[in-house]
Amino acid sequence: MKRLVLLICVLASYACKETAVPPVQTTYLPGEQDAMKIATVVAKSMRNASFREFLKTKAVQKFDLDYDVLLMTVLAEKVEPGKTFLDILKLNAGGVDIEKLLRDQPLLNIYVPGAPTWNTTQDVPWVAIANIVEDGKVRLIDSNESLMRAAIDMRPGVPVVVLKYNERVGVSYKNGVLSYDFLNKNMSSQSTGMESHLPFDQKVIDAFKNNCAQCYDRDFIYDGDRYSEAITSVSFQNDAAFRSLFSDWTEGDLELYFNVTYGGNAGVVVYASPGMMSDGKTWYLSRPLMLTPWQVEATGEAWRISVNEYDPGLSKGLGEAILSWSDPVITSQTGNSYNVHTLSTGAIVFSVEPVRIP
């Protein structure tokens, strides 16, 4: 099951026609033979409980906002007294030069689905090899070197980790030294999902309750105060949209790019991980995804927002929506709760509203 990751790209031109996606990396997963060698060594190393606990500990740190462990970055780390991560791999290598194989593939990664709930004392996981898929099924190997295949669209009923390529970081060599960097420079702006909206700003409520006949909500809200537009919630339009995006359990977090097109202002990119998505559920963001203050003279009275899903080498369009200055912010009140105006691309439903700038 994927989790949702949001990325908002604000583009500064009405004429921009192309979808903005991260740069394509030039380092790829090893070929099938090397992949099997590496997976076999990792699977056999899973017999070691300290090795398993180390992987869980690293995965839940979410260095890239997913349950990923970039292998080259942990080789020298101590797992148990007198043994590093690489030492344990070598003990299970059986003649394979595992260090060379890993150094040849600096972006090789272990993804741990459901890492926080992994019982490392009891559960010895299978290792799925993400680049070996046959007839819609991914190959897995366990610590005894047994093989099986599992459907790519349904996570198997056994503990599992995934050997895969990390699509969120890039690698370079500076003066012969290996260096990593995030492809998205704003990975730190993380947001988690909640089941209810953050408290509304009083001025936003006043705009709903006291709006005059000759003005719009944003006229009232922006008058004399510092606000910025922000995405505050996201959900799926229907079950079909949900299922079309959560079709490969080996991929990890779902990455959505919101491309906001207007004129006059420089763009920003923000990144968030609101949590596990499900059909019919709206996630309200604990930290709104800030776009930019709306200055009608500079950015116009309408913004076009297109949404794309990104996977390595592939961008899938999920439609677009138009946000207008004249759109209400709060549309109605139910008891003590307020209902916010939402936009739909046909696949993704989301809300954009003014948020006070601290």
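Predicted, not measured: the structure shown is a model, and the values here were computed from it.
The hydrophobic cluster containing Val340 does not contain Val349, counting ILVMFWY residues as joined when their side-chain heavy atoms lie under 4.5 angstrom apart, directly or transitively. Under the 4.5 Å side-chain heavy-atom criterion for grouping Ile, Leu, Val, Met, Phe, Trp and Tyr, Leu147 is connected to Ile38 within one hydrophobic cluster. Residues Val296 and Leu291 share a single hydrophobic cluster, defined by chaining ILVMFWY side chains whose heavy atoms lie under 4.5 Å apart. Leu102 and Leu91 are assigned to two separate hydrophobic clusters, defined by single-linkage of ILVMFWY side chains at heavy-atom distances under 4.5 Å. In this structure, Val162 is a member of the same hydrophobic cluster as Val158, with clusters built from ILVMFWY side-chain heavy atoms closer than 4.5 Å.
The closest donor-acceptor contact from the side chain of Asp135 to the backbone of Lys137 lies at 3.5 Å or more, if one exists at all. Proximity of a side-chain donor or acceptor of Thr334 to a complementary backbone N or O of Ser337 within less than 3.5 Å is not detected. A donor-acceptor pair under 3.5 Å is absent between the side-chain atoms of Tyr227 and the main chain of Arg218, judged by distance alone. A donor-acceptor contact shorter than 3.5 Å is absent between the side chain of Glu32 and the backbone of Asp34. Between the side chain of Ser324 and the backbone N or O of Ser326 there is no donor-acceptor pair closer than 3.5 Å. A donor-acceptor contact shorter than 3.5 Å links the side chain of Trp294 to the backbone of Gly300. Judged by distance alone, the side chain of Arg356 and the main-chain N or O of Asp201 form no donor-acceptor pair under 3.5 Å. A donor-acceptor pair under 3.5 Å is formed between the side chain of Arg52 and the backbone N or O of Arg47. The backbone N or O of Ser146 lies less than 3.5 Å from no partner atom in the side chain of Asn144, so there is not a single donor-acceptor pair. Within the 3.5 Å criterion, the main-chain N or O of Ala151 finds a donor-acceptor partner in the side chain of Trp249.
The CD1 atom of Ile348 lies 6.5 Å from the CZ atom of Phe258; values are rounded to the nearest 0.5 Å. Atom OG of Ser45 and atom CD1 of Ile98 lie 8.0 Å apart (nearest 0.5 Å). We find the CZ-CG distance between Arg103 and Leu71 to be 12.0 Å, quoted to the nearest 0.5 Å. Atom CG of Leu108 and atom NZ of Lys164 lie 10.5 Å apart (nearest 0.5 Å). Interatomic distance, Phe54 CZ to Lys78 NZ, rounded to the nearest 0.5 Å: 12.0 Å. Distance check: Ile305 CD1 to Glu229 CD gives 9.0 Å after rounding to the nearest 0.5 Å.
Leu89 approaches Val41 most closely through the heavy-atom pair O-CG1, 3.3 Å. Smallest separation of non-hydrogen atoms from Pro288 and Thr232: CB-CG2, 4.2 Å. Nearest approach of Asp68 to Asp64, heavy atoms of both residues: OD2-OD2, 2.6 Å. Smallest separation of non-hydrogen atoms from Ala207 and Asp217: O-OD1, 3.4 Å. Across all non-hydrogen atoms, the minimal contact from Pro293 to Ile357 is CG-CD1, 4.0 Å. In plain terms, the two heavy atoms of Leu343 and His341 that are nearest each other are CD2-NE2, 3.7 Å.
Within a 6.0 Å sphere centred on NZ of Lys203, heavy atoms belonging to other residues, nucleotides or ligands number more than 12. Atom CE of Met148 has more than 12 heavy atoms from other residues, nucleotides or ligands within 6.0 Å.
Val307 places a side-chain heavy atom less than 4.5 Å from the side chain of Phe350. Residues Val169 and Leu107 form a side-chain contact, since some pair of their non-hydrogen atoms from C-beta on lies under 4.5 Å apart. The shortest distance between side-chain heavy atoms of Asn92 and Ile88 falls below 4.5 Å. In this structure, the side chains of Val96 and Leu101 come closer than 4.5 Å at one or more pairs of heavy atoms.
No close placement of the Tyr67 and Trp118 rings is indicated, their centers lying 6.0 Å or farther apart.
No donor-acceptor contact under 3.5 angstrom links the side chains of Asn339 and Thr331, judged on distance only.
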Could you please spell out the steps behind the side-chain contact (heavy atoms from CB on, under 4.5 Å) verdict for Lys44 and Glu145?
CA-CA 7 Å; Lys44 291 166 67 176; Glu145 300 185 57; 3.8 Å; yes
Under the side-chain contact (heavy atoms from CB on, under 4.5 Å) criterion, do Ile152 and Thr250 qualify, and how do the steps go?
CA-CA 7 Å; Ile152 203 72; Thr250 70; 3.8 Å; yes
Please step through side-chain contact (heavy atoms from CB on, under 4.5 Å) for the pair Ile322 and Trp303, ending with a clear verdict.
CA-CA 6 Å; Ile322 301 296; Trp303 294 0; over 6 Å; no
Report the C-alpha separation of Glu80 and Asn48 in whole Å, then their side-chain angles, then the decisive distance to 0.1 Å, and conclude whether the side-chain contact (heavy atoms from CB on, under 4.5 Å) test is met.
CA-CA 10 Å; Glu80 58 186 20; Asn48 184 313; 3.5 Å; yes
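Ring geometry, Phe51 versus Phe85: the interplanar angle falls under 30°, so the pair is classed parallel (tilted spans 30 to 60°). Under the 30°/60° scheme for interplanar angles, the aromatic rings of Phe208 and Tyr338 are found to stand perpendicular.
Among the candidates Thr342, Leu323, Val329, the single residue satisfying the side chain to side chain contact (heavy atoms under 4.5 Å, CB included) test with Ser351 is Thr342. Here the options are Lys56, Lys62, Gln61, the test is side chain to side chain contact (heavy atoms under 4.5 Å, CB included), and the partner is Lys58; only Gln61 passes.
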